[in-house]
Enquirer: 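Questions regarding the structure given below will be posed in turn.
Sequential numbering from 1 along the given sequence is applied to the chain's residues.
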Amino acid sequence: MRRFGRYGRSLFRFFTGRRQLRTASYSVISLALIAAVTGCGTGGASNSNTIVIGGKNFTEQLIMANVLKLLIQHDDPKLHVVMKDNLDTNVLWNAMKNGDVDAYVEYTGTGLVNILHDKVTQDPNKAYDEVKQQFEQKYHVTWLKPIGFNDTYAMVMRASEAKRLGISTLSQLAAKSPSLTLGSEQNFVSRADGLPGLEKVYGAHFQSVKTMEVGLKYEALIDKKVDVVDGFSTDPEIPEYHLTVLQDNRHFFPPYYAVPIIRDSTLKAHPELRGILNKLAGTLDDSQMQQLNAEVDVDKKSPSEVAKDWLTAKGLI
């Protein structure tokens with residue numbers, strides 16, 4: 001990824017699908033990519049010694065795809081592991097259903113809302129149980145154990161300002177909101193799980209709301225043009241600029257816990273993969289995922305290098 005300047009990374013991620021998983025929809029490009037990915041005969045059903053790991057088209061997913069690949073290669077050297085990454089959510093899911101991808105990391109909220117078209121729930125255990133049960137029944141796909149981090153919506157402030165105002169939770173933010181300016185992308189202002197929900201659940205009423213492109217929010221926050229922005233809990237800008245994620249103390253935002261998912265047919269052929277991939281359970285929290293994302297986006301390391309270093313540090317390879 002070429003360098004776009006101080007805040008260009010966010011804008012780049014936006015245009016390459018950094019968060020399109022929230023509102024994934026089919027397009028001519030998506031359909032063309034589906035045709036390119038599917039039917040190539042490299043999935044586990046086609047070659048019992050080949051495991052295809054998928055990944056979406058943003059930094060976090062590129063890292064996690066490499067994590068799965070390296071872990072499998074280390075623990076089961078007889079398998080040939082290949083990756084198909086940089087894929088749109090719809091393209092990746094269709095490749096999974098068609099047998100051209102064996103495993104990838106999905107998010108509970110994406111599985112529940114975008115794939116199953118079910119209602120949003122704020123209960124992380126309920127969301128996980130629902131996707132685990134329905135994916136098995138409808139698609140013969142197994143959800144393994146959650147990795148640990150929750151890449152959900154987050155309200156973010158400058159650490160110094162949050163400390164000065166005594167704000168660490170969304171309830172405290174709501175209490176101070178009449179004197180604060182919110183910087184937000186347009187869809188957050190209108191989504192039920194965005195600003196309208198914050199107003200309803202927490203009673204937040206900001207002095208003013210400035211809508212802006214997703215890539216400009218952190219710029220506005222750092223430059224003190226706004227006091228708080230909507231972001232995502234694993235954004236690399238959070239550690240890069242020493243920002244504070246406010247605690248969602250009433251559990252308003254939907255859960256987007258990251259979980260390896262794998263085709264049942266692949267598990268049947270290689271049952272050892274369950275134990276291998278479940279080694280990742282509970283190993284990464286939000287702040288650690290922020291750091292890994294920052295190592296790629298800020299420090300310019302490759303996703304494979306970051307994945308290998310992390311696995312080594314955890315004693316997994």
Side-chain angles (χ1 to χ4, degrees), residues 1-3 9 12-13 16-18 21 37 42-44 47 49-87 92 95-96 100-107 143-151 232-240 256-263 266-267 270 272-317:
M1 183 178 76
R2 73 181 182 87
R3 199 170 189 88
R9 288 182 294 275
F12 178 87
R13 287 195 300 273
T16 56
R18 174 68 174 95
L21 61 95
V37 172
T42 57
N47 185 338
N49 290 321
T50 298
I51 302 297
V52 181
I53 301 300
K56 302 185 187 185
N57 49 3
F58 55 93
T59 299
E60 183 171 288
Q61 281 276 315
L62 300 179
I63 295 171
M64 295 315 301
N66 277 279
V67 164
L68 299 192
K69 177 185 177 181
L70 291 169
L71 186 57
I72 294 171
Q73 283 179 331
H74 177 270
D75 283 16
D76 201 344
K78 73 177 184 295
L79 294 177
H80 175 57
V81 187
V82 298
M83 287 201 320
K84 293 179 181 176
D85 53 16
N86 275 305
L87 301 178
L92 179 53
M96 181 79 149
D100 292 289
V101 166
D102 292 297
Y104 74 95
V105 172
E106 187 55 277
Y107 303 91
W143 285 65
L144 299 174
K145 295 180 180 180
I147 296 170
F149 66 91
N150 179 24
D151 188 5
F232 293 95
S233 56
T234 62
D235 282 343
E237 290 87 351
I238 294 168
E240 181 181 6
Y256 282 87
Y257 281 89
V259 182
I261 66 174
I262 186 168
R263 290 172 52 83
T266 305
L267 272 182
H270 303 284
E272 72 277 8
L273 290 177
R274 183 187 298 272
I276 292 173
L277 295 181
N278 274 337
K279 289 182 178 181
L280 297 173
T283 56
L284 263 175
D285 62 22
D286 296 358
S287 62
Q288 291 168 334
M289 195 66 241
Q290 293 167 10
Q291 292 291 343
L292 296 187
N293 285 332
E295 287 182 34
V296 175
D297 287 348
V298 179
D299 300 336
K300 301 304 173 185
K301 296 181 180 179
S302 69
S304 60
E305 179 185 4
V306 171
K308 183 177 181 180
D309 288 347
W310 177 78
L311 285 166
T312 302
K314 296 293 288 187
L316 293 173
I317 62 172

Enquirer: What residues form a ring pair (Phe, Tyr, Trp, His ring centres under 6.0 Å) with Trp310, not counting sequence neighbours?
Expert: none
Enquirer: Between Ile53 and Ile72, is there a side-chain heavy-atom distance shorter than 4.5 Å?
Expert: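 Yes; the side chains approach each other to less than 4.5 Å.
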Enquirer: To the nearest 0.5 Å, what is the distance between CG on Leu79 and OG1 on Thr50?
Expert: 8.5 Å
Enquirer: Over 60° means perpendicular and under 30° means parallel, so classify the ring planes of Tyr107 and Phe149, tilted if in between.
Expert: perpendicular
Enquirer: Is the backbone N or O of Asp100 less than 3.5 Å from a side-chain atom of Lys84, with the two atoms forming a donor-acceptor pair by type?
Expert: yes
Enquirer: Do Glu60 and Asn293 make a side-chain contact, defined as non-hydrogen atoms from C-beta onward lying under 4.5 Å apart?
Expert: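 Sidechains of Asn293 and Glu60: in contact.
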Enquirer: Looking only at non-hydrogen atoms, find the nearest pair between Asn150 and Tyr256 and report the distance.
Expert: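 Looking at all heavy atoms of both residues, the closest pair is OD1-N, 2.6 Å.
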Enquirer: So, for Leu144 and Val259, which heavy atoms are closest and what is the spacing to 0.1 Å?
Expert: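 Closest pair (atom of Leu144, atom of Val259, distance): O-CG1, 3.2 Å.
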Enquirer: If you round to the nearest 0.5 Å, how far is NE2 of His80 from CD of Gln73?
Expert: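 Here the interatomic distance stands at 8.5 Å.
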Enquirer: Which distance, rounded to the nearest 0.5 Å, do you find between the CD1 of Ile51 and the CG of Leu273?
Expert: 5.0 Å
Enquirer: Start with the C-alpha distance between His74 and Leu311, add both sets of side-chain angles, then the distance that settles side chain to side chain contact (heavy atoms under 4.5 Å, CB included), and finish with yes or no.
Expert: CA-CA 10 Å; His74 177 270; Leu311 285 166; over 6 Å; no
Enquirer: How many angstroms lie between atom CG of Leu316 and atom CD1 of Ile276, to the nearest 0.5 angstrom?
Expert: 11.5 Å
Enquirer: Going through the checks in order, is the side chain to side chain contact (heavy atoms under 4.5 Å, CB included) test met by Val81 and Leu68?
Expert: CA-CA 9 Å; Val81 187; Leu68 299 192; over 6 Å; no
Enquirer: Evaluate Met289 against Asp151 for side chain to side chain contact (heavy atoms under 4.5 Å, CB included), listing each step before the verdict.
Expert: CA-CA 9 Å; Met289 195 66 241; Asp151 188 5; over 6 Å; no
Enquirer: I need the Leu277 CG to Asp75 CG distance, nearest 0.5 Å.
Expert: 9.0 Å
Enquirer: Report yes if the side chains of Val105 and Gln61 come closer than 4.5 Å at any heavy-atom pair, otherwise no.
Expert: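 Result yes, sub-4.5 Å side-chain heavy-atom pair found.
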Enquirer: Find out whether Ile238 and Asp286 are in side-chain contact, i.e. whether some heavy atom of one side chain is under 4.5 Å from a heavy atom of the other.
Expert: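 No - every pair of side-chain heavy atoms lies 4.5 Å or more apart.
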Enquirer: List the atom of Leu267, the atom of Arg274, and the distance in Å for their closest heavy-atom pair.
Expert: CD1-NH2, 3.5 Å
Enquirer: Where do Ala65 and Gly55 come nearest, in terms of heavy atoms and distance?
Expert: CB-CA, 4.2 Å
Enquirer: Considering only heavy atoms from C-beta outward, does the side chain of Asp299 approach that of Val306 to under 4.5 Å?
Expert: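 No, their side chains stay 4.5 Å or more apart.
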Enquirer: Could you tell me whether Lys308 atom NZ has more than 12 heavy atoms of other residues or ligands within 6.0 Å of it?
Expert: no
Enquirer: What's the shortest heavy-atom distance between Pro303 and Ile63, and which atoms?
Expert: CB-N, 4.0 Å
Enquirer: Apply side chain to side chain donor-acceptor pair (under 3.5 Å) to Asp309 and list each qualifying residue two or more places apart in sequence or on a separate chain.
Expert: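 Result, side chain to side chain donor-acceptor pair (under 3.5 Å) vs Asp309: none returned.
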Enquirer: Tell me, please, which residues at least two apart from Lys314 pass salt bridge (charged side-chain N to carboxylate O under 4.0 Å, His left out).
Expert: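 Lys314 satisfies salt bridge (charged side-chain N to carboxylate O under 4.0 Å, His left out) with no residue once adjacent residues are dropped.
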Enquirer: Can any side-chain N or O of Gln288 pair as donor or acceptor with the backbone N or O of Asp285 at less than 3.5 Å?
Expert: yes
Enquirer: Do Gln290 and Glu240 have side chains that approach each other closer than 4.5 Å (heavy atoms only, starting at C-beta)?
Expert: no
Enquirer: Is the shortest heavy-atom distance from the side chain of Asn86 to the side chain of Leu62 under 4.5 Å?
Expert: yes
Enquirer: To the nearest 0.5 Å, tell me how far Leu71 CG sits from Met64 CE.
Expert: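 Reported to 0.5 Å precision, the distance equals 9.5 Å.
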Enquirer: Kindly indicate whether the side chain of Ile147, heavy atoms from C-beta on, has any atom under 4.5 Å from the side chain of Val67.
Expert: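 Heavy-atom side-chain distance check fails, nothing below 4.5 Å.
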Enquirer: What pair of heavy atoms forms the shortest contact from Asn66 to Ala307, and how long is it?
Expert: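 The pair with the smallest heavy-atom distance is CB-CB, 3.6 Å.
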